[in-house]
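These notes are about the structure you will find just below.
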Amino acid sequence: MASTFIRSAAVVAAVAATLGLTACVDPYYYNRGYDNRGYPPPAPVSQAPVYDNGGAYAEYGRVANIETFSTENGRRPSGAGAIIGAVLGAVVGNQIGHGGGRALATGVGAVGGAVAGNQIEGNQRGGGYTTTYRISVQLDNGGYRAFDVPSPGDLRQGDRVRVVGNQLQRV
């Protein structure tokens, strides 16, 4: 009973404090940039034409190095190919021989089918590694930036480049 009363009192106090603070806000404070009640219009900053380059400025430099490295695709086989291959290999192996030979052939067929099925699934899913190129650029201002790209295109070491945001452009 007492905890319910304390919770209710805390909620009422919080609501009262919020309403009290919002009453102190000047309603014209937020509208000064949108209405001109007694304020002159803003003066233009510059008469020069403005070119939009996506909010980024351009930097210039030279390609210092291009190196390759491999990254894993992350597409690993799910195991379904191995299971299907094991079942098919066991069925085929069971057709061979009699007695103990049949059991051995079934086991070998299951293992061989699992390995083959896993390999086939991995090839179809594109599993494995991808080659990525890291292009290192020495900027004119002394900075150094590196870009990881799937292909370097026609860029070579020593080429002059322009960097806009995260994009490289040959100059």
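Within the 3.5 Å criterion, the main-chain N or O of N65 finds no donor-acceptor partner in the side chain of Q157. With hydrogens and angles ignored, the 3.5 Å screen pairs no side-chain donor or acceptor of R145 with any backbone N or O of V137.
L155 and Y133 fall within a single hydrophobic cluster, where Ile, Leu, Val, Met, Phe, Trp and Tyr are joined by side-chain heavy atoms under 4.5 Å apart, directly or via other members. When the side chains of ILVMFWY residues are joined at heavy-atom separations under 4.5 Å, either directly or via intervening members, I84 and I120 end up in two distinct hydrophobic clusters. Using a 4.5 Å cut-off between side-chain heavy atoms of Ile, Leu, Val, Met, Phe, Trp and Tyr, with links allowed through other members, L139 and V149 fall into the same hydrophobic cluster.
Summarising the local packing, CD of Q167 is surrounded by 12 or fewer heavy atoms from other residues, nucleotides or ligands at distances under 6.0 Å.
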Could you go step by step and tell me if D154 and R156 meet the side-chain contact (heavy atoms from CB on, under 4.5 Å) rule? CA-CA 6 Å; D154 62 346; R156 301 288 179 256; 5.5 Å; no

Between R102 and N94, is the side-chain contact (heavy atoms from CB on, under 4.5 Å) condition met? List the steps. CA-CA 6 Å; R102 176 178 279 181; N94 194 31; 3.1 Å; yes

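Side-chain contact check for V92 versus L88: every heavy-atom pair is 4.5 Å or farther apart. Proximity of F69 to R134: side-chain heavy atoms (C-beta onward) are separated by under 4.5 Å at one or more points. Counting heavy atoms from C-beta on, the side chains of I135 and L168 come closer than 4.5 Å.
A salt bridge between D159 and R62 is absent, with no side-chain N of the basic residue lying under 4.0 Å from a carboxylate O of the acidic one. D140 has a carboxylate O that lies under 4.0 Å from a charged side-chain N of R160, or vice versa, which qualifies the two as a salt bridge.
The nearest pair of heavy atoms linking G93 to A105 is O-CB, 3.2 Å.
To the nearest 0.5 Å, atom CG of residue D148 and atom OG1 of residue T132 are 6.5 Å apart.
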